[in-house]
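In what follows, chains are A, B, ... by sequence order, proteins preceding strands, each numbered from 1. The shown structure was predicted, so the numbers you read here are calculated from the model rather than taken from an experiment.
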Protein chains: 2
Amino acid sequence: MSEFEKQSNEQKILVAAEQEFLTKGFDGARTTSIAKAAGVTHAMLHYYFRTKEQLFERILDEKVSVMSKVLFPAWGDPNLPFLNRLTMIISAHFDFLVENPLLPRFLINEILSRPERYELLQSRISQYAGAVFDNLQTEITKSVEKGEILPVDGKMLFINVMSLNVFTFIAYPLLETAMGDLMADRERFLAIRKAENIEVIMSRILKR
Amino acid sequence: MSEFEKQSNEQKILVAAEQEFLTKGFDGARTTSIAKAAGVTHAMLHYYFRTKEQLFERILDEKVSVMSKVLFPAWGDPNLPFLNRLTMIISAHFDFLVENPLLPRFLINEILSRPERYELLQSRISQYAGAVFDNLQTEITKSVEKGEILPVDGKMLFINVMSLNVFTFIAYPLLETAMGDLMADRERFLAIRKAENIEVIMSRILKR
DNA sequence: ATTTTGTTTAACAGTCTTGTTAAACAATTC
DNA sequence: GAATTGTTTAACAAGACTGTTAAACAAAAT
């Protein structure tokens, strides 16, 4: 048994599991369905991952990790002007969501539905979160002092950005249903949304 | 058997089902669990509602209906100035979510997870949606002509409002985890959020 | 009082789903 | 090449869950 094929089976299961869990959630996912999609018997799936729960946690953990790894570094170069940095992180966050459109709904659902999973998130973000918020507030204060922007609470600004960026993807199919014409061209719609989100945030903080 | 108690059983099942479906979703919900919470045997549940699917659809339908009924009228008095009307609908929408905090996640999940349910939403909103968007755009145009606001696309503005209001409730427990202190007092946090959302929308459209 | 109608219970059937196991098989090591 | 280790298959066990049914029971109608 070659090393390639050994990995390949595990990999095929992981790929199929990711698809299944992201689209159907833990409760909706079926290990038999995952095994079938991966082209292995369902006994194989249990051989590699023991239980559905363990397989799920592997996926969830990877996804939380991906999110943290991509988003915290996106906070960008501390030497750039605040407004540039802010624009860049909104943009980076939005682009990340374009590449991972199913992720927000998955994380919100699967973490919220089981309070015991809160700590997974807590442990992954609390190390960064405090520092990020502190840094954000410091930057805001400095920028306010320079007379560039209005005083705002960093956490509120953060929630604003998250709301605008994330909602687009969580509700995408609903929006498509409600306003078909506007969204006929996905690429175009997303480009407009991204620009709009940046515009909204800038309007909120720029001096009038 | 009195009319009261007859209704009471059906009612108890509906109340328990609403709780179960809203917190766990269709896949996570268990008819035995609903029956237990309602204090009836699970055969009773099937006697009244035949299948889990039918019971679920009763709840889903009622929730979609509640949302439509509350939100479209909230569009308010056409004689008021546009900015007042807009403020009022953002506020009414937010207040509605305070009373129904589980609803957005439920609707997004359960409708999105089964494309065959799109048409339920479609049929419920399409009759209003077109008219609402037309009216909104007309009002915007008039207000722009009066020199009150900047020109914006009505649908984009609509998405902005939805994003800001809905996200707060979809992600509430996650936000609590990430920024505990700010959210210690729920009432206070929600009041601040509501004001912030109105402020964000106003900043976006008011002339500078 | 008897029949009819509607409600409730308890037991059960059938299916789906997760997880296990024994045995076959392949690869690697000694 | 024999033994050991790891992989795969097929069959099965156990339980959970939905949904059914027959019979008991209660209420209302005749």
Visitor: Ignoring hydrogens and angles, write down the donor-acceptor pairs under 3.5 Å from the side chains of residues 38-45 of chain B, residues two or more places apart or on other chains.
Guide:
residue: B:T41; atom: OG1; partner: B:M44; partner atom: N; Å: 3.3

Visitor: C:dT18 C1' sits how many Å from A:M44 CE, rounded?
Guide: 16 Å
Visitor: Give every residue pair that meets the ring pair (Phe, Tyr, Trp, His ring centres under 6.0 Å) criterion with at least one member in residues 73-96 of chain A, sequence neighbours excluded.
Guide: A:F94-A:F169
Visitor: Could you work out, with side chain to side chain contact (heavy atoms under 4.5 Å, CB included) as the rule, every residue matching B:R188, not counting sequence neighbours?
Guide: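 B:R188: side chain to side chain contact (heavy atoms under 4.5 Å, CB included) contacts with B:D185, B:I192.
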Visitor: Taking ring pair (Phe, Tyr, Trp, His ring centres under 6.0 Å) as the definition, give me every residue that meets it alongside A:F49, ordered by chain and number, with sequence neighbours left out.
Guide: none
Visitor: What distance do A:I159 atom CD1 and A:L164 atom CG have between them, rounded to the nearest 0.5 Å?
Guide: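 CG of A:L164 is found 12.0 Å from CD1 of A:I159.
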Visitor: Is the distance from OP1 or OP2 of D:dT8 to the nearest side-chain N or O of A:N9 less than 4.0 Å?
Guide: yes
Visitor: Taking only residues two or more places apart in sequence or in another chain, which ones pass ring pair (Phe, Tyr, Trp, His ring centres under 6.0 Å) with B:F158?
Guide: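 Partners of B:F158 by the ring pair (Phe, Tyr, Trp, His ring centres under 6.0 Å) criterion, ordered by chain and then number, come out as B:F133.
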Visitor: Can you measure A:K36 atom NZ to C:dT17 atom C1' for me and round it to whole angstrom units?
Guide: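 Rounded to the whole Å, the gap is 15 Å.
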Visitor: Figure out the CG/C1' separation between B:L45 and C:dA10, and round it to whole Å.
Guide: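 About 16 Å, once rounded to whole Å.
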Visitor: Going 5' to 3' through nucleotides 16-22 of chain D, assign each nucleotide B (protein heavy atom under 4.0 Å from a base atom), S (under 4.0 Å only from sugar-phosphate atoms) or - (no protein heavy atom that close).
Guide: -SBBB--
Visitor: Without decimals, in angstroms, what is the distance between A:L55 CG and C:dT17 P?
Guide: 16 Å
